[in-house]
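Just so we're clear, the structure is a prediction, and the values are computed from it rather than from any experiment. Letters A, B, ... mirror the listed sequences (proteins, then strands); counts begin at 1.
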There are 2 protein chains.
Amino acid sequence: MTAPTRRERLRTAAVSDIKDGARRLLVTGGPQAISLRAIARDMGMTAPAIYRYFPSLEALVLDLAGDLLDELCEHLEAARDAAGAEPIDQLVGTARAFRRWSVRHPVEFRLVFGNLMPGVDAFPDDCGYPGDPGARLGDVFITPLVELWRRRPFPVPLAGQVDAGLTEALAPLREKHPELPVEVACLMLSGWTMLYGLVSMEVYHQLRWAVTDPEALFDAELAAFLQQLDGGSGR
Amino acid sequence: MTAPTRRERLRTAAVSDIKDGARRLLVTGGPQAISLRAIARDMGMTAPAIYRYFPSLEALVLDLAGDLLDELCEHLEAARDAAGAEPIDQLVGTARAFRRWSVRHPVEFRLVFGNLMPGVDAFPDDCGYPGDPGARLGDVFITPLVELWRRRPFPVPLAGQVDAGLTEALAPLREKHPELPVEVACLMLSGWTMLYGLVSMEVYHQLRWAVTDPEALFDAELAAFLQQLDGGSGR
DNA sequence: GCAAATGAGTGAACGCCGTTTACTATCGCA
DNA sequence: TGCGATAGTAAACGGCGTTCACTCATTTGC
């Protein structure tokens with residue numbers, strides 16, 4: 001690892017200037033407002049210059065989405081680490097942080113999770129390799145849950161009710177966490193579905209017909225879910 | 001109601017031709033591929049002619065989204081009515097039909113639920129007035145559940161655990177269905193969250209990292225939810 | 001039956017956009 | 001000092017939504 005040359009410094013500065021401009025446009029005008037010409041205008045440049053740094057607009061947006069996902073993951077990891085040593089507290093903190101970030105950054109949430117372009121997606125089909133941002137997001141939630149199960153296996157609902165077909169269908173998830181019984185994997189997915197469903201409905205304003213304060217609903221559903229993981233510990 | 005004039009017939013025919021073209025572009029190229037010029041080209045016309053029928057591209061897409069939502073609702077109502085007289089069977093049929101339609105029409109699902117443009121949304125903030133397509137979608141699921149509760153109130157989880165804040169937050173939903181206890185309203189929302197979350201994750205390919213066969217997971221989660229509504233009936 | 005009004009459609013234009021190409025000036029290194 | 005790599009430019013192409021002035025057929029009212 002050698003010191004970056006002057007050229008390299010200028011280049012990375014330009015790259016981050018471009019991405020800053022893209023994000024500014026994203027936040028003020030939505031994903032559609034990101035355009036090479038507008039970014040270049042803001043920087044006092046012409047549009048073709050950006051092609052020295054990104055092969056296309058789509059590549060730029062993809063890169064930006066990756067940064068945003070990283071930012072979200074750091075936010076979540078910080079919240080988890082600040083929540084104390086109890087895995088269940090870590091789950092509460094991480095879930096609340098996920099909602100908070102999403103509600104405060106609705107446009108960014110849309111870019112990362114909204115499947116706006118093919119390829120811009122927090123969940124690539126194959127997110128197995130280490131360092132993959134999708135896997136990183138998953139791990140923030142999975143790690144405390146696995147630790148909770150390791151410390152004190154809780155009485156899992158539906159024990160023994162999961163049939164062979166579902167067991168086989170869950171193969172990708174189970175390969176990554178062979179230590180978990182299939183019922184726990186199932187419970188985990190159900191929790192993630194609830195979390196993702198509630199947050200995206202709130203971000204997209206699809207709960208207003210039913211609920212005035214989405215946070216109250218979120219906290220209640222979160223508590224109900226965690227109760228399932230808390231086999232008679234008397235909390 | 002008088003018979004439509006020749007002019008009116010030609011006009012409605014042109015309108016539906018335009019929307020057919022828009023949908024064809026939507027299905028083959030995604031929401032971004034809908035363009036006035038492409039629609040006009042397919043019809044052997046020029047783009048400005050479409051402004052005789054729609055005030056803007058956005059209005060056209062909004063109209064198309066409304067049609068698609070109606071189509072989905074009809075699909076769901078047909079499935080519900082075909083599921084027999086038992087409310088719980090109706091819920092199974094409707095939920096499965098929702099997943100089926102969404103998986104088979106992923107681009108349409110995206111246009112209706114994906115919040116692509118401000119205003120294109122199955123869930124307007126105020127969907128109270130009768131005939132509203134958003135309310136119609138809700139009713140397909142709510143009606144059987146209300147009927148189930150009317151026939152045989154089931155032991156509801158969390159009975160008495162819902163605090164005043166959540167009760168107040170659920171006001172919009174409860175005003176529409178005052179006969180339901182707040183715990184049932186809460187359960188209903190939790191079911192819808194699961195349904196919507198699972199289906200949109202499947203449509204957006206955000207489950208591939210965990211599951212090979214999303215239908216198996218869907219059926220399992222659906223069964224687990226319905227079990228909560230089925231207080232000891234021994235089904 | 002004929003003139004006026006209405007409606008549908010066209011072509012040209014404006015200002016956006018992504019992207020490519022050819023060209024120029026600058027920077028870093030030998 | 002000179003040379004290659006790099007960053008930037010201007011011009012152009014084709015596509016887009018939208019507006020405007022205009023033509024032509026159809027309908028309507030007298």
Legend entry - Within 6.0 Å of CZ in A/R11, more than 12 heavy atoms from elsewhere: yes
Legend entry - Side-chain heavy atoms of A/R100 within contact of A/E215, under 4.5 Å: no
Inset, instruction - Can you check each nucleotide of nucleotides 9-18 of chain D against protein heavy atoms at under 4.0 Å and return B for base, S for sugar-phosphate only, - for none, in 5' to 3' order? - result: BBBB---BBB
Inset, instruction - Calculate the interatomic distance between A/E8 atom CD and D/dA7 atom C1'; express it in whole Å. - result: 15 Å
Legend entry - chain A contact limits on DNA chain C, taken 5' to 3' with a cut-off of 4.0 angstrom to heavy atoms: C/dC17 to C/dG28
Legend entry - Validation row: B/I34, B/L64 side chains within 4.5 angstrom (heavy atoms): yes
Legend entry - Side chains of A/P172 and B/T212 in contact at under 4.5 Å (non-hydrogen atoms): yes
Inset, instruction - Could you list the residues that satisfy side chain to side chain donor-acceptor pair (under 3.5 Å) with B/E168, not counting sequence neighbours? - result: none
Legend entry - Flag side-chain contact, heavy atom, 4.5 Å: B/L222 against B/L226: yes
Legend entry - Side-chain heavy atoms of A/L60 within contact of A/Y53, under 4.5 Å: no
Legend entry - Backbone N/O of B/T5 and side chain of B/E8: donor-acceptor pair under 3.5 Å: yes
Inset, instruction - Evaluate the side-chain proximity of B/V146 to B/L180: yes if any heavy-atom separation is below 4.5 Å, no if none is. - result: yes
Inset, instruction - Before accepting this row, confirm whether a basic side-chain N of the pair A/R23/A/E108 lies closer than 4.0 Å to the acidic partner's carboxylate O. - result: yes
Inset, instruction - Report yes if the side chains of A/E74 and A/R136 come closer than 4.5 Å at any heavy-atom pair, otherwise no. - result: yes
Inset, instruction - Could you tell me whether A/F54 contacts a base, only the sugar-phosphate backbone, or nothing, with contacts defined as non-hydrogen atoms closer than 4.0 Å? - result: nothing
Legend entry - B/S/- contact track for nucleotides 23-30 of chain D, protein heavy atom under 4.0 Å: ---BS---
Legend entry - Angle by which the axis turns from one end of the helix from C/dG1-D/dC30 to C/dA30-D/dT1 to the other, five pairs per end, to 10 degrees: 10°
Inset, instruction - Could you tell me whether the side chain of A/L72 reaches within less than 4.5 Å of the side chain of A/L76, counting heavy atoms only? - result: yes
Legend entry - Sequence-distant partners of A/Q90, side chain to side chain donor-acceptor pair (under 3.5 Å), two or more places apart: none
